Amino acid sequence: MPGVPILMYHSVRADPPPETRGLSVDPGMFAAQLGLLRERGFTPVPLSALAGLRAAPGSGPYAGAAKPICITFDDGYADFHTEALPVLESFGYPATVFVTTGWLDDAGPDAAGRPLDAMLTWAHVKEIVEHGVEVGAHSHSHPQLDQLPDGALHDELTRSRLLLEDRLQRPVTTMAYPYGYSSARVRRAVARAGYSSAYVVANDVARERSGYTIPRLTVARGTSLDTFGRIAEGTHGFFREKALTKGYALVRRSRYLYRKTTHHG
Ligand SMILES: [Zn+2]
């Protein structure tokens, strides 16, 4: 089975603040991208279906799905609820949101880190789950995990998972690394913290469907519809390289802004 592209979005809004502008996709462009997926015969599948597609390609609700592709969102911006979800639902497409629990709008005593824009509330998170959206963890305060000592690293990984499981009353077994990268030590800690899979940002489609370095593809504000098509089809060659390098730069810039404005460690 060929690799499955896993798209990584952040926010979807018309007028984002400077902190998220590079990684925020215009709502009209988002709808056009989903339209392109439909036009080209893709089948957006939930992340949870990936392992099943590999283990038993002939069974399950997505068996034999033509051109499977996954749609994911990092951080948990409020505009997922107001902008992205209505468009996803109009297409009937599944999605996964990786939530930074300490950033949520009503995190209260659990508030941690410094969100880059308006974030979802817990009520929103529950509501999107009721609408069939899958939720994974994305750390508690969005630190650079590889820079944390073991104790703080373990706390970041378990606190986000336990908060989500407690509020949503369902197991949370996947996570995406803040800033898209990890080290071997971080990956071991993720496994110990009870996750069965974890997602990175990488210049590739996902050929492995489980494990702790499953690659995802960046969709940014500067991604043209043409480039998006190439990313989804895996036929974009040089363009893919360029788009993803740009994605990395944007992620690094967000990290820089984050470090500049917060104290953690
Ligand atoms: Zn993030």
Side-chain angles (χ1 to χ4, degrees), residues 4-16 20 23-53 60-101 103-106 115 117-138 164 167-176 199 206 216-221 223 225 228-229 231-233:
V4 175
I6 303 175
L7 304 172
M8 179 189 68
Y9 289 92
H10 282 76
S11 89
V12 174
R13 62 180 283 181
D15 193 19
T20 59
L23 285 167
S24 180
V25 172
D26 185 80
M29 175 59 88
F30 181 63
Q33 290 170 349
L34 298 194
L36 180 147
L37 295 182
R38 171 167 288 171
E39 197 177 291
R40 304 244 187 122
F42 283 92
T43 308
V45 302
L47 270 190
S48 62
L50 279 192
L53 283 175
Y62 293 95
K67 298 171 77 171
I69 191 167
C70 295
I71 305 170
T72 72
F73 295 79
D74 279 11
D75 300 342
Y77 294 101
D79 54 56
F80 178 81
H81 182 259
T82 55
E83 301 282 353
L85 185 58
V87 181
L88 286 161
E89 291 203 308
S90 72
F91 281 87
Y93 288 170
T96 296
V97 178
F98 292 104
V99 173
T100 300
T101 42
W103 280 13
L104 290 172
D105 189 61
D106 54 355
D117 195 2
M119 307 307 293
L120 295 168
T121 64
W122 276 112
H124 288 148
V125 176
K126 285 180 195 169
E127 188 185 330
I128 66 174
V129 167
E130 282 159 14
H131 282 244
V133 173
E134 294 182 349
V135 167
H138 192 49
L164 287 166
R167 298 288 192 127
L168 302 175
Q169 291 296 299
R170 62 180 64 204
V172 172
T173 58
T174 64
M175 63 91 62
Y199 296 84
R216 293 186 299 161
L217 303 155
T218 303
V219 184
R221 195 168 200 85
T223 305
L225 193 58
F228 176 83
I231 289 171
E233 299 278 6

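By convention here, the first residue in the shown sequence is residue 1. Computation of the quantities below employed the complete heavy-atom set of this structure, encompassing side-chain atoms and omitting hydrogens, waters and symmetry-equivalent molecules. Every value quoted in this text rests on a predicted model; they were computed, and no experiment measured them.
- Across all their heavy atoms, His10 and Leu23 have their closest contact at CB-O, 3.6 Å.
- Judged purely by atom type and a 3.5 angstrom limit, His124 uses its side chain to pair as donor or acceptor with the backbone of Thr121.
- A pairwise comparison of heavy atoms in Val97 and Gly76 identifies CG1-CA, 4.1 Å as the closest pair.
- Taking each heavy atom of Cys70 and Val45 in turn, the nearest pair found is SG-O, 3.4 Å.
- To the nearest 0.5 Å, the span separating CD1 on Ile6 from CG on Leu217 amounts to 8.0 Å.
- Asp26 places a side-chain N or O within 3.5 Å of a backbone atom of Gly28 that can act as its donor or acceptor partner.
- No donor-acceptor pair closer than 3.5 Å links the side chain of Glu134 to the backbone N or O of Pro46.
- Note: Thr101 OG1 to Leu120 CG = 12.5 Å, rounded to the nearest 0.5 Å.
- Residues Ile231 and Leu7 meet the side-chain proximity criterion, which asks for heavy atoms closer than 4.5 Å.
- Here the closest heavy-atom approach between residue Tyr93 and residue Arg38 is recorded as OH-CB, 3.2 Å.
- Proximity of a side-chain donor or acceptor of Asp74 to a complementary backbone N or O of His138 within less than 3.5 Å is not detected.
- Judged by distance alone, with hydrogens and angles left aside, the side-chain atoms of Ser11 form no donor-acceptor pair with the main-chain N or O of Ser24 at under 3.5 Å.
- Under a 3.5 Å cut-off, the side chain of Thr96 and the backbone N or O of Val135 do not form any donor-acceptor pair.
- Of the inter-residue distances, the one linking Leu50 atom CG with Tyr62 atom OH reads 11.0 Å to the nearest 0.5 angstrom.
- In summary, the side chains of Asp75 and Tyr77 do present a donor paired with an acceptor at a separation below 3.5 Å, with no hydrogens or angles considered.
- Nearest heavy-atom pair, Ala95 versus Leu88, reported as atom, atom and distance to 0.1 Å: CB-CD1, 3.7 Å.
- To the nearest 0.5 Å, the span separating CG on Leu47 from CZ on Phe98 amounts to 5.0 Å.
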- Task: Could you walk me through whether Arg13 and Asp117 pass the side chain to side chain contact (heavy atoms under 4.5 Å, CB included) test, one step at a time?
- Result: CA-CA 11 Å; Arg13 62 180 283 181; Asp117 195 2; 2.8 Å; yes
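- Across all non-hydrogen atoms, the minimal contact from Lys67 to Arg40 is NZ-O, 2.8 Å.
- Ring geometry, Phe73 versus Tyr9: the interplanar angle falls under 30°, so the pair is classed parallel (tilted spans 30 to 60°).
- The CG atom of Asp79 sits 9.0 Å away from the CE atom of Met119 when rounded to the nearest 0.5 Å.
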- Run the numbers on Phe228 and Val25 for side chain to side chain contact (heavy atoms under 4.5 Å, CB included), then give the verdict. CA-CA 12 Å; Phe228 176 83; Val25 172; over 6 Å; no
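- Counting heavy atoms from C-beta on, the side chains of Val219 and Gln33 come closer than 4.5 Å.
- Inter-residue side-chain proximity for Val12 and Phe80 is flagged as unmet; no heavy-atom pair is nearer than 4.5 Å.
- From Ile69, atom CD1 reaches atom CD of Glu233 across 8.5 Å, with rounding to the nearest 0.5 Å.
- Taking 4.5 Å as the limit, every side-chain heavy atom of Tyr199 sits out of range of all side-chain heavy atoms of Thr72.
- For Lys126, there are no salt bridge (charged side-chain N to carboxylate O under 4.0 Å, His left out) partners, not counting sequence neighbours.
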